[in-house]
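Worksheet: the structure to be examined is printed underneath.
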Amino acid sequence: MSTYRLERRLEVDTKKQALTRVAGALIAMAVAGLVLLLTGRNSFKILFDGLEAIFGSQRGLEGVALRAIPILMTALAVALSLRMKIWNIGSGGQFLMGAFAALGVGIHVNGPGWLVLILMALAALVAGSLWILVPALARAYWDVNEIITTLLLNFVAAQLVTWASIGFWRDTEAAVIQSTKRVPYRLAELPGTDSLTIALLVPFVIALVLFWIFRSTTIGFEIDTIGGNARAAAFAGINVRRRILLVMLCTGAIAGLGGMLQLSAPGARQLGPGYEAQFGLTGFIVAALAGGAMMGVLVGGTFIASMFFAGLVLQTKGLSVYIIFGIYGLILTGVALGEMAARYRLVRVGDAVSSERVAS
Amino acid sequence: MTFALIENGFLSLISSAIPASTVVVLAALGCLVGERVGVLNLGQEGLIGIGGVYAVIAVVTWGVGSPWVALAIGMAAAGIAGLMFAVAVVVFRASQVLVGLALALGGIGLSNQLGTNRNGVQVRTQFSEFSLGGSLVDGGVREALFAHDPMVYVAYVLLPLTLWFILFRTRHGMNMRAVGENPAAADAVGVSVTWSRIGYSVLGAAISGAGGAYMVLSFTPTWSPDIARGRGWVALAVVIFAGWRPVRAVFGALLYGTMFSLGLTAQARGWGFLFNATDLAFFLSMLPFLVTLAAILLPAGAAKIGKRVRSTAAPAALAIPYSREER
């Protein structure tokens, strides 16, 4: 009688691992569909309605692109930190603070549009990195785990934005109670579209820059080395603490810029309690799915953004936003299990000793 | 006269902080049980939601008449979620951070979905006040400390002391700590790492679920979406602040609860120092999270500067999957 057991592979193929992660996510979605079927919802109809909502019209495609901008920005931020095995779960808060600072500049500074928009972007970059400064310093110099410190600040940012929208920056002219004044400036429109601005180009540019940094620069190599083995990197003479600080501040800045870009989306030129709309967590899932690969983030982010958009459309047809949360949870579990699956293989106990064992 | 006023204010703050912190105490003790055997469950937010929604379902839909039975049902539901988590991270050795976040997200989604038709419904079966101390202490102090429902005493006294005793005074507890610190050594002396990790993840999840059940059976007592509102994350922070010690965790959680009820009290009484009343309320609503953040940063900073802080390090094998082949 032979039994099976898991055996660890000595070398993990990163390409194979990317495949198993995606497979894990797809299996998780199939499970989600099955659960929906079992609870009396027609998941095939949901799927086709969703596809129709996206591909049925230009509006659908633009809707996906609009959702993709904030999701890609937070996902790129998280992916950058993942390269160093750092978990920035506070990208939602940094996103909000970026928007908060950009809005502050936008409603208080008068000047030529392009100049104010540049100032807004700078303010967002600074605010996003300031929001992660304390967790970054604590992680780099005091070895305090960043997961909980970054996350706690999300709640603070959400409260601050609610405060601004009800209190000190409230739009007193409109009848809406929970919303700030509107920014009078907007990024230039993309030709040939109804609702898109040049904001759509930003995540792609950032992804390319990050891709280049990790492919061809020393600093990118150092970050990957720290991610692989921080102690070995320190022995090799890399200043690990400084790199941690740098990377964490950059992730905050990227997420913050995402918050500023979102101010150009139609209907979102002011801040209110619903502004963040779970972009931070969604971006986290994308980054986990892509495993820190920047081009993978672009593909995965667009995919998740279409799910997000389809979910928003289907919400009006009775699919609740909570179910989407549940599906996110399933996908993330699938990704985690898939990542593990590539590291192990099933061997029959009692057979000849496996080849990898012999090789070692 | 002024002194009496301050004393009254302090006592009323404590009397509202105690129930407000109970959820965090329970969730923190739940995390602590799992983390002591090396399993980090970031899904506290989801476990509180699941424990809470099943307690509500038990009372509202299934007509359960005893709060203890409703509590047990909430705990069982959270325990099942904890079992699924444990299978993924202990048996299949998936990343504890990723699966934990998945549980946080999925648990919030599941509980909100299940609670959709029960938003704002009054939960009739509740824990009733259970007076300790009787005539031994006078009015104000009695109100503050000895006039709560029985779960408060369980969470603040019984459970932490029991955990302390088991962890630090029994052989079984020593084995538990060994699994969290050095699983290979524990394995070598015949402690099953897999089973103790699975078992205590499930138990820990059930205790965290009790926190959610307590919310709807006593604190709120209604169901509303996103019931945990960050308390699960605060609980995770409290465990760090407490240096993985059960009795200290109680005080960490009380710190959060005090800040939380400070905000509520300010709102209720229309206090307005420094800001006007609305602005002050908003400022104070950020305070619990800021204070929690400071509470985990300060001991770490003090340790780095050279002040001796007694054993605040995490279990050495926390969040690291164990497999016998890779010692």
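Just so you know, these numbers come straight off a predicted model, no measurement behind them. Within every chain, numbering begins at 1; the chains are lettered A, B, ... in the order of the sequence lines, protein sequences first and strands thereafter. Atom set for the values below is all heavy atoms of this structure, side chains included, hydrogens, waters and symmetry mates excluded.
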Step by step, would you call M286(B) with W163(A) a side-chain contact (heavy atoms from CB on, under 4.5 Å)?
-> CA-CA 10 Å; M286(B) 297 189 224; W163(A) 185 5; 3.3 Å; yes
Supply the atom-to-atom distance [X] [atom1] to [Y] [atom2], rounded to the nearest 0.5 angstrom.
| X | Y | atom1 | atom2 | value |
| --- | --- | --- | --- | --- |
| Q159(A) | L284(B) | CD | CG | 10.5 Å |
| I147(A) | L236(B) | CD1 | CG | 9.0 Å |
| I89(A) | L101(B) | CD1 | CG | 4.5 Å |
| W233(B) | T150(A) | CH2 | OG1 | 9.0 Å |

Any idea which of L98(B), V234(B), T116(B) has the most non-hydrogen atom pairs under 4.5 angstrom with chain A?
-> L98(B)
Heavy-atom closest contact (A94(B) atom, A336(A) atom, distance) |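 Smallest interatomic distance, heavy atoms only, reads CB-O, 3.8 Å.
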Give the member of Y141(A), Y328(A), W87(A), W142(A) that has the highest number of heavy-atom pairs under 4.5 Å with chain B.
->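 The residue among Y141(A), Y328(A), W87(A), W142(A) with the greatest pair count is W142(A).
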Given the rule in the side-chain contact (heavy atoms from CB on, under 4.5 Å) test, do F282(B) and I166(A) qualify, once you have shown the distances and angles that lead to the verdict?
-> CA-CA 10 Å; F282(B) 271 113; I166(A) 298 177; 3.7 Å; yes
For residues 287-294 of chain B against chain A, heavy atoms under 4.5 Å, the residues are F289(B), L290(B), T292(B), L293(B)
Is it the side chain or the backbone of [X] that comes within 4.5 Å of chain B heavy atoms, both, or neither?
| X | answer |
| --- | --- |
| I327(A) | neither |
| I331(A) | neither |
| L151(A) | side chain |
| L281(A) | side chain |

Derivation and outcome, side-chain contact (heavy atoms from CB on, under 4.5 Å), residues N112(B) and F325(A) = CA-CA 9 Å; N112(B) 286 352; F325(A) 260 60; over 6 Å; no
Do F155(A) and S285(B) come close enough that some side-chain heavy atom pair is under 4.5 Å?
->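 When only atoms from C-beta onward are counted, S285(B) and F155(A) do not touch, as no gap falls below 4.5 Å.
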Would you indicate whether the side-chain heavy atoms of L297(B) and V144(A) approach each other to under 4.5 Å?
-> yes
